[in-house]
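What follows is a short report on a single structure.
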Amino acid sequence: MSLTDLTIAGAQRALRAGETTPLALAEAHLAAIERVNPRLNAFVTLHGERTLEAARAADPRLPLGGIPLGLKDIFCTEGVRTTAGSRILGNFVPPYESTVTAKLRAAGAVSLGKLNLDEFAMGSTNANSMHGPCVNPWSPAGRDLVPGGSSGGSAAAVAARLALGATATDTGGSIRQPAAFCGVAGIKPTYGRCSRWGIVAYASSLDQAGPMARTVEDCALLLHEMAGHDPKDSTSADVAVPDFAAACARSVKGLRIGVPGEYRPEGLSPEIAAVWDQGLDWLREAGAEIVPVSLPHTKHALATYYIVAPAEASSNLARYDGVRFGLRKLHQGGNLNDLYEESRAAGFGQEVQRRILIGTYVLSAGYYDAYYLKAQKLRALIRRDFDEAWRSCDAILAPATPTAAFSLAEQPDDPVTMYLNDVFTITANLAGIPGLALPAGLAAAGLPLGLQLLGRPFEEETLFALGSAMEKAAKFTHKPGIAA
Ligand code: GLN
């Protein structure tokens, strides 16, 4: 088997048995990137020498010693350019390292470079990036499909065998939707499970870091090293980090799986409906019990999210003023206001500008009560729906996305239609609960379809157990056409 086809668990075994070395793994991945990345545009910053140096120093006895990973370009990396996909950050080189990536490094992981994304993690296609779009490795010849977003580069790199795993973030679905579109696994942990320190902020009450990899167990191995309390992030939770990988082997017998009727709207794609039913059958065969549940406020989730997220974004992005760092634009003789206006107009892309406008509007005096406050109330009701559901079930199974990957060229150029992509994923962010996405099958067009498991706060272990059981039944071993 080629080194780039290994799982993380498999690579760990090979490294510890002396059958390969961190250097050989790093070199194999760098060669794969050189060959395949020009077609995919998944990696946007590479630092070959730095990667090789880290590989030479890596100790396979460490939890992730010698495992080559890609990092979404929203994690600040000391001494390595971090753009968040935005011109406004330009060639920003952080003087510090995010907590999550520092923890991965301390666990022995080797960074291959930084991965493409939608600007400030806003989007569902990875087309909103200063680096240009990333291409889905499952694209058929002559028709480029989107990898999903915002963590499109992470999903594409992992699917195409350019990295054994990757970091990502999920504010409204940005781990689960690209994972589903690219046929890989990914988990958005409970809000607070991973530190947000050093991650470029989008919507602080929703943002959460998590891993992507080709198996559920690999996600468990990565999350174990990424998670944990961090005094530098006041919203990071001071709870123990369990052995997630051990949970993958747990029996799911007797677990109750909720099926929310609200997630099966009139007109749901028959392919998605079929894969969902298939997933329920797998869990039933593994000994779980299927029960109907109701999440009645789901219908308000999109509207709620697209008020809360832009509101927080408009506040977070106020810091990009052209003064302290990043892009600066000012015409000869301009004043301070001109500096702000010109820098922000030139630095932010269209979707980011749209969200700043929406966010500023819903927070403005006179509209605050009508929009922002109402959205907060709805958010509480959406959270309460889940609290109610947990009385009758231990986890929920639902589709991850309403469709398989699409081609941007064939999409209507309408932001609201684009927001519909998030219909199944955003409730987990609004409620703060964990969500695990995994590939469940192929659509007729040969594209991967994903399902997601949602769970109680800090019960990721249940999701890992259920996800592993489904993975065993799904036997998803397909490899995309564009891959190493
Ligand atoms: N598509 C959603 C948005 O654009 C989710 C993005 C995310 O999770 N970062 O806001």
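For clarity, every value in this text was computed on a predicted model and none was experimentally measured. Both counts, for ligands and for their atoms, begin at 1 and track the order of listing.
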Mode of [X] contact toward ligand 1 - side chain, backbone, both, neither (heavy atoms, under 4.0 Å):
{"X": "Thr171", "result": "both"}
{"X": "Arg355", "result": "side chain"}
{"X": "Tyr306", "result": "side chain"}
{"X": "Tyr419", "result": "neither"}

- List the steps and the verdict of salt bridge (Lys or Arg N to Asp or Glu O under 4.0 Å) for Glu342 and Arg328. CA-CA 8 Å; Glu342 289 169 32; Arg328 172 178 300 185; over 6 Å; no

- Task: Could you go through the side-chain hydrogen bond (donor to acceptor under 3.5 Å, both in side chains) check for Arg214 and Thr7 one step at a time?
- Result: CA-CA 7 Å; Arg214 291 192 290 270; Thr7 60; over 6 Å; no

- Query: According to the interplanar angle, ranging from 0 to 90°, do the rings of Phe424 and Tyr263 count as parallel (below 30°), tilted (30 to 60°) or perpendicular (above 60°)?
  - Reply: parallel

- Task: Assess the pair Phe181 and Phe406: is the distance between their ring centroids shorter than 6.0 Å?
- Result: yes

- Aromatic ring centroids of Phe92 and Tyr320 under 6.0 Å? no

Nearest non-hydrogen protein atom, [atom]:
{"atom": "atom 5 (C) of ligand 1", "value": "Tyr305 OH, 3.5 Å"}
{"atom": "atom 7 (C) of ligand 1", "value": "Ser174 OG, 2.4 Å"}
{"atom": "atom 2 (C) of ligand 1", "value": "Asp422 OD2, 3.2 Å"}

- Message: Out of all atoms in ligand 1, which are within 4.0 Å of some heavy atom of Ser124? Include the element for each.
- Response: 1 (N)

- Note on the structure: In terms of its nearest heavy atom to atom 8 (O) of ligand 1, the top option of Gly172, Ala121, Gly123 is Gly172

